[in-house]
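What follows is one structure encoded as structure tokens, with my remarks underneath.
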There are 2 protein chains.
Amino acid sequence: MKQKNIRKLTIKDVAEIAKVSKGTVSRVLNKKPGVGDKTRKTIETIIKKLNYSPNLIAQNLASKKTGNIGVIIPHQAEYYLSNPYWPVLLSVITKAAATVGYTILLSTALKEGDIDSAYEFIIKGKRVDGIIAGSELLGEKQLSILYHYNVPFVLIGKSPFVNEYYVDIENRRAMEVLTTHLAVQGFRRILFICGPETFPSVKERVSGFYDALEKASGSTGIVCHTSYDKPEVKEIIQNQKENGFLPDALVVGASDLVLCTLMILRELNMNIPGDIGFASFDTLHMYEYFKPRITAIKQPIKELTKSAFEMLFALIAGKHLIKKSKILPCTLEIGESCREKEIRTIEIETKT
Amino acid sequence: MKQKNIRKLTIKDVAEIAKVSKGTVSRVLNKKPGVGDKTRKTIETIIKKLNYSPNLIAQNLASKKTGNIGVIIPHQAEYYLSNPYWPVLLSVITKAAATVGYTILLSTALKEGDIDSAYEFIIKGKRVDGIIAGSELLGEKQLSILYHYNVPFVLIGKSPFVNEYYVDIENRRAMEVLTTHLAVQGFRRILFICGPETFPSVKERVSGFYDALEKASGSTGIVCHTSYDKPEVKEIIQNQKENGFLPDALVVGASDLVLCTLMILRELNMNIPGDIGFASFDTLHMYEYFKPRITAIKQPIKELTKSAFEMLFALIAGKHLIKKSKILPCTLEIGESCREKEIRTIEIETKT
DNA sequence: ATGAAAGCGCTAACAC
DNA sequence: GTGTTAGCGCTTTCAT
């Protein structure tokens, strides 16, 4: 079975066997017109019989297309794999890309914060025809790299530096709806634990939080930013406790903080929702196994990703896009963790 | 800031500016000898000033090396991302590869079971210098593809069809130790829910399971194979229950079945470890938040991956390997889910 | 130490 | 409809 040193077949071999020129073989390879039916058939048969497949590298070099699209995840693997957002994005985009003959080249931060390497890796040496990147750590420097290399890109999430070619959710609106729900449920002192205030998404969510509280008289809120660092959550909650300042509801704004927060609450002997209400921005797969079921905002990650890919695909094809961005609505998944009896899902209408 | 249509720099541009030949520039690019110190400096300066980086595609074509190593995960993304094994492997290998200038090209089944596409995708068009592949679905067909294209590869997990170049854990031994632990803890009727019996790892574990039971007089066991399908677990447990046949301990042999199994137990109002003992082969990150802490076998995924990469790296370099496989030991993480009081970790010594 | 030139395997423009 | 030819941007002999 073991076959060593088969000199790899080239288009030239196929051409010689078929007694045609390389050009003709190339045409049938790429399903291009200009080949007689019979010739085409013959060549196809030979290709199949030989089990020949063209050298992609050579194709890339000659055609100046790579068939790769780069996905830049601005986090290190340990981190981004621990929450559901990026894995879902990855799997959706891989499939979407495959159906149109594209391949995903993934680039991530090798260590958290080292986002430059991710950009350089994928852009230098031009191995991709276009890029999809998470916007949360996109700074002017990264942007200038993108522009410098003149590669089409679409961002996941808006960025203060870019106003075209991105997809996003209505962070502000979603957080407003969630907060209002908490207020309606009777929670009066809501603690919102969220990510770094430099992230646009976090800013919007905080703004939605305050907007809701303003409208809902009677409830007040506190915002605590974390760098997605677990010990911090513990400190925050303990600080609040020591000050006799304990909130009656908690909103966790990053799904990877949910589990440790729940554990901390258990250590503090606080029951959900009896002693404290609990909700999160973003869901976890395992929520379906939780009791009480956690109330949460669910992002349309799949749709977001599909939209991003479609935009990029059009950009690569050189099409002019009328809609340079796309904003998708979230849903509010109501569980029992905020004293609701009935589990249900509410579509949050898009901002008018 | 937006710069359009910068014709991309080529090695020729650099050569002209430096007033040397392309060959010389190529030599400094690849840090090869045969260039005068001064010339080298000059060229390096120019490269930096121009922010030039060579076209990888062209480099690949000319040098017949890709700098990519292919990772074949024989599952679809939804599946492999839901348990910790593959993500960890992925992140470890990406880093290991990066430190020696290699890049990972990931290929997965587009739909569960469609493993051929994964193989063809990565091998055809020769985009990789070597391959690391999960062995559990490797059949003769895939193997013949591997050999046909004459690409070096290392398997994660042994395969009945291959006896060289793989890394693995001692599945049999680990399961034996876990089962013995259960027997010692006084469990008498142990149900082992595991994956398809065609997987070599599953076979070994089942064998270890029975071996342990044989030695531990008094305890009996039942094995149920699943296709990693959630509803099945429910059926299995319900069947057992209807037959008045309920086990007093459960071992789940796939981490992605753990959560739903736990939920089912809760639905049945069975407490761990009071009503039923519970253990799993493979751990989950979230175990650290669980109470009772789940007893489990922990695989050395990181070390496994590193070993696999090192082997492949050597193979690609054309080195002759003395050790054609590597077997690593697991650990038994004892929690409270099998009526142990004290949480601790036990290294399982490698088979002598 | 450096340059010249011949490919790597393919595509694409232009002939016929 | 098909063949011819000139590259794509680089590496790598082989001269010098």
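Note that the coordinates shown come from a computational prediction; the quantities given were computed from them, not determined experimentally. Letters go in sequence order (proteins before strands), and every chain restarts at 1. Because only heavy atoms are used, hydrogens play no part in the values below, and waters and symmetry mates are left out as well, while side chains stay in.
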Using a heavy-atom cut-off of under 4.0 Å over every strand shown, decide if Gly34(A) touches base, sugar-phosphate, or nothing.
base

Examine dC8(C): is either OP1 or OP2 under 4.0 Å from a nitrogen or oxygen in the side chain of Lys12(A)? Give yes or no.
no

For dG9(D), does either OP1 or OP2 sit under 4.0 Å from a side-chain N or O belonging to Thr10(B)?
no

Distance alone, cut at 3.5 Å: any donor-acceptor contact between the side chains of Asp129(B) and Thr66(B)?
yes

Lys64(A) side chain near dG9(D) phosphate (N/O to OP1/OP2, under 4.0 Å)
yes

Note: for Asp37(B) and Leu61(B) on DNA chain C, the residue whose nearest nucleotide lies more 5' is Asp37(B)

Rounded to the Å, how far apart are Asn55(A) CG and dC10(C) P?
6 Å

Which angle, rounded to 10°, do you find between the first-five-pair axis and the last-five-pair axis of the helix from dA1(C)-dT16(D) to dC16(C)-dG1(D)?
40°

Once you round it to whole Å, what is the distance between P of dC8(D) and CG of Asn60(B)?
18 Å

Can you tell if the side chain of Ile72(B) reaches within under 4.5 Å of the side chain of Gln142(B), non-hydrogen atoms only?
no

Atom pair distance, as rounded to whole Å: CD in Glu16(A) and P in dG9(C)
13 Å

Counting only side-chain heavy atoms from C-beta out, which of dC10(D), dT2(D), dT2(C) sits nearest to Thr39(A)?
dT2(D)

Measure the shortest side-chain to side-chain distance between Trp86(B) and Leu106(B) over non-hydrogen atoms and say whether it is less than 4.5 angstrom.
no

Heavy-atom distance under 4.5 Å between the side chains of Phe121(A) and Thr108(A), does that happen here?
no

Heavy-atom protein contacts under 4.0 Å, nucleotides 11-16 of chain C, coded B base, S sugar-phosphate only, - none
SB----

Atom-pair distance (CD1 on Ile57(A); P on dG9(D)), nearest Å
15 Å

Paired with Val154(B), the side chain to side chain contact (heavy atoms under 4.5 Å, CB included) test is passed by just one of Glu310(B), Lys324(B), Met311(B), Glu164(B), namely Met311(B)

Using a cut-off of strictly less than 4.0 Å, decide whether Tyr52(B) has a side-chain nitrogen or oxygen near OP1 or OP2 of dC10(D).
yes

Which heavy atom in Ser135(B) sits nearest to a heavy atom in Ser159(B), and how many Å separate them?
CB-CB, 4.3 Å

Provide, to the nearest angstrom, the distance between the CD1 atom belonging to Ile43(B) and the C1' atom belonging to dG3(C).
12 Å

Would you please classify the geometry between the Phe199(B) ring and the His75(B) ring as parallel, tilted or perpendicular, with 30° and 60° separating the classes?
tilted

Report yes or no: do Thr94(A) and Ser91(A) form a side-chain donor-acceptor pair below 3.5 Å?
no

CA sep, side-chain torsions, deciding dist, call: Thr45(A), Thr42(A), side-chain hydrogen bond (donor to acceptor under 3.5 Å, both in side chains)
CA-CA 5 Å; Thr45(A) 313; Thr42(A) 321; over 6 Å; no

Whole angstroms only, please: what is the CG-C1' distance between Asp13(A) and dC8(C)?
14 Å

